Amino acid sequence: MSALAGSAADAVGLTVLLPFLGFLVNGALAFVGPRRTRLISIVGVGSVAAAFGVAVLVFLAVLGAHPDEPYVRSFWTWMPAGDLAVRAALQVDQLSVVMLLVVTGVGALIHLFSVGYMGEDPGYARYFAYLNLFIAFMVVLVLGASFPVLFIGWEGVGLCSYLLIGFWFTDREKAAAGLKAFLVNRIGDAGFLVGMFLLFKHLGTLEFVAVAERAPRLLTPGGGPATAIALLLFLGCAGKSAQIPLYTWLPDAMAGPTPVSALIHAATMVTAGVFLVARAGVLFALAPAASAAVAAVGAVTALFAATIGLKQWDIKKVLAYSTVSQLGYMFVGVGSGAYAAGIFHLVTHSFFKALLFLGAGSVIHALHRAYHHTHRRADAQDMRNMGGLATCLPVTSRVMWVATLAIAGIPPLAGFFSKDEILAAAFGRGAESPFWYGVWLLGAAAALLTAFYMTRLMLYTFHGPNRTGTPERPHIRESPRVMTLPLVALAALTVAGGLLNLPHVGTLHHWLEPVTRAAAELVAEPRPPLGTELALMALAVLIAATGIWLARTKLRPELLVPADRSKPETGWQKLLLEKYRVDEFYDAVLVRPVVWLSRVVLWKALDAGAIDAAGVNGSAVVARSLGWLGSRLQSGQVGTYVLIFVVGALAVLGALTG
């Protein structure tokens with residue numbers, strides 16, 4: 001990408017440096033003197049907003065140059081070891097620019113919202129320090145020019161998720177949620193590491209440009225090495241992007257502050273897996289079985305998580321399972337070979353899902369203030385304690401309806417276009433194998449459930465009678481402007497986001513062509529005939545409208561009672577509320593046996609019983625015994641010494657003459 005050399009692309013390192021400096025400054029402010037809220041806010045929001053400004057300049061440079069090759073900004077040689085020479089380098093191309101705009105742009109809006117949401121928290125400086133560091137690592141992830149550099153950002157966002165999910169670490173449950181996220185992701189990351197080792201063994205490089213050039217020459221399409229590499233990389237993606245079986249950490253991530261949920265679920269960490277599959281598209285194109293596995297896992301996850309969302313009462317838990325489901329759609333897209341469609345849904349999802357989480361944060365913030373005024377303790381996240389809030393929170397209600405219609409798939413909102421393109425791609429590959437029709441059917445069923453449970457969320461939260469309590473109602477007010485402005489901005493993006501890749505216009509599709517070309521040359525992107533595509537679009541609208549209609553007609557908000565007066569769930573509804581008891585199954589089958597093995601076998605039997613007893617403690621006993629024996633010989637009696645000397649001399653003579 002020589003056309004970009006010397007342009008704004010050379011300043012791309014600032015997108016990492018600026019939020020990292022924000023982390024250093026706010027990290028220092030967390031330890032010194034009284035709170036400096038204004039300075040913390042300026043540094044926290046300003047550093048990410050400035051990074052977004054640089055990202056816009058980089059985008060304009062790429063737009064003006066129309067490069068066909070990526071531009072790699074190298075800083076120093078990081079790991080020179082034999083044939084391995086990894087540079088600390090950032091890669092600027094069409095894909096990294098899209099991700100950079102999403103991460104810094106949506107991230108800046110979430111930072112701004114946090115000023116109002118977290119303003120009274122005693123850990124305000126620490127919160128913004130973690131948030132800035134999160135953005136810095138995510139930028140490293142999307143800009144890394146090689147797998148190892150990407151992996152630094154990959155692990156960095158994992159660390160920051162642990163710090164932010166467990167932000168209120170004095171609460172044992174919240175601290176455990178952060179630890180769970182950290183540990184579950186390590187399982188996937190182990191696969192990622194092994195995949196990198198295999199990749200270097202077969203290609204002799206880990207840099208993305210060289211991998212795209214060498215892989216078609218050195219890897220046999222459908223061969224064992226190509227399939228193994230792709231599946232191992234996808235294991236890392238399944239952990240980071242919360243797909244079956246490694247999805248269980250994401251709903252528990254709701255333990256962190258609500259803006260953190262928006263950041264993790266919308267614009268940053270959970271999208272990393274989808275981004276990696278798109279970045280390594282040539283490897284997955286060489287492994288059709290692995291690509292089919294990606295699509296299958298995505299489709300099953302989309303439907304599975306959608307069923308759980310039907311019966312959750314915690315407003316953030318509903319959105320969490322919605323995120324797991326929507327990530328499944330993205331994997332259906334990239335697994336089908338429609339990499340542009342997967343990235344398109346990633347972008348639009350970042351708009352409407354950030355809006356939904358921040359809207360939920362606005363609701364929770366308002367209820368917390370109301371309960372604070374009346375000194376009442378109640379769950380401000382339980383939808384059974386809400387109802388009728390549209391009159392109290394008019395801005396929040398309206399923008400959340402925009403996001404709800406978008407995620408349900410109602411045109412002309414952004415979610416309709418991106419989700420429809422993914423389902424059309426899966427259907428378009430049905431001519432190759434009935435398997436792909438099954439993937440489409442699972443996605444269509446998930447779309448129906450999505451429209452239903454999201455309408456349920458809105459009805460129970462904003463409509464029907466108010467259930468917050470009579471004393472609290474006068475104190476429920478709309479959030480301050482610093483919180484509503486990001487909501488309005490995200491609503492505007494949700495409305496206009498579909499313009500990024502309109503059917504048969506494909507602006508984003510054409511933009512990403514230089515990146516997706518290598519994969520497309522191996523596997524053509526599926527596209528059904530125009531008539532079929534129009535019929536699928538009409539069917540998608542019908543499915544979304546049916547889900548909304550069913551929720552409107554079957555649900556009765558006026559019959560709902562507050563959480564403390566609700567009857568326990570039974571039967572199928574209880575199973576959904578308990579999330580199919582997957583966590584309990586993992587605990588019984590995996591966690592407890594590992595804990596038992598660690599404590600009883602490795603610790604008490606091996607460590608304490610064998611190593612300590614026979615090794616460390618045993619050698620100490622021998623040393624003490626020899627010392628005691630030696631001390632017995634030091635009696636101070638000359639006659640005893642002479643006797644021992646004679647006996648010893650006779651023993652030596654006997655040995656020599658024997």
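Bear in mind that the values here come from a model prediction, so they are computed numbers and not experimental data.
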Within the structure provided, determine whether [X] and [Y] are in side-chain contact (heavy-atom separation under 4.5 Å).
| X | Y | answer |
| --- | --- | --- |
| V149 | W78 | yes |
| F151 | L193 | yes |
| L232 | F192 | no |
| L218 | H202 | no |
| Q91 | R279 | yes |
| V54 | V12 | no |

With S96, which residues qualify under side-chain hydrogen bond (donor to acceptor under 3.5 Å, both in side chains), at least two apart? D93

By side-chain hydrogen bond (donor to acceptor under 3.5 Å, both in side chains) - contacts of W154 (at least two apart): D189

Apply side-chain contact (heavy atoms from CB on, under 4.5 Å) to [X] and list each qualifying residue two or more places apart in sequence or on a separate chain.
| X | value |
| --- | --- |
| L246 | V184, I187, L235 |
| A238 | Q243 |
| T532 | F427, P528, P529, L536 |
| A296 | F435 |

Parallel, tilted or perpendicular: which one describes the rings of H345 and H349, with boundaries at 30° and 60°?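 Correct class here is tilted.
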
May I ask you to check whether F147 and F200 place their ring centers less than 6.0 Å from one another?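 Between F200 and F147, which both carry aromatic rings, the centre distance is not below 6.0 Å.
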
Is the distance between the ring centroids of F23 and F128 under 6.0 Å?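 No, too far apart.
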
Please indicate whether Y586 has more than 12 foreign heavy atoms, meaning atoms of other residues, nucleotides or ligands, lying under 6.0 Å from its OH.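 Yes, OH of Y586 has more than 12 neighbouring heavy atoms, counting only those of other groups under 6.0 Å.
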
Return all side-chain donor-acceptor pairs below 3.5 angstrom for residues 135-142, not counting sequence neighbours, or 'none' if the list is empty.
none

Tell me, please, which residues at least two apart from [X] pass ring pair (Phe, Tyr, Trp, His ring centres under 6.0 Å).
| X | result |
| --- | --- |
| F357 | H265 |
| Y247 | F304 |
| F284 | none |

Which residues pass the salt bridge (Lys or Arg N to Asp or Glu O under 4.0 Å) test with E513, not counting sequence neighbours?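 Once residues adjacent in sequence are excluded, E513 has no partner under the salt bridge (Lys or Arg N to Asp or Glu O under 4.0 Å) criterion.
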
Could you list the residues that satisfy salt bridge (Lys or Arg N to Asp or Glu O under 4.0 Å) with R214, not counting sequence neighbours?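 For R214, no residue satisfies salt bridge (Lys or Arg N to Asp or Glu O under 4.0 Å) once neighbours in sequence are set aside.
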
Test side chain to side chain contact (heavy atoms under 4.5 Å, CB included) on R186 and E155 and set out the steps. CA-CA 9 Å; R186 300 292 72 73; E155 292 300 290; 3.4 Å; yes

Side chain to side chain contact (heavy atoms under 4.5 Å, CB included) assessment of L502 paired with T507: CA-CA 7 Å; L502 290 172; T507 305; over 6 Å; no

Any sub-3.5 Å donor-acceptor pair from [X]'s side-chain atoms to [Y]'s backbone N or O?
| X | Y | value |
| --- | --- | --- |
| T301 | S325 | no |
| W249 | N185 | no |
| Y329 | A302 | no |
| T268 | L263 | yes |

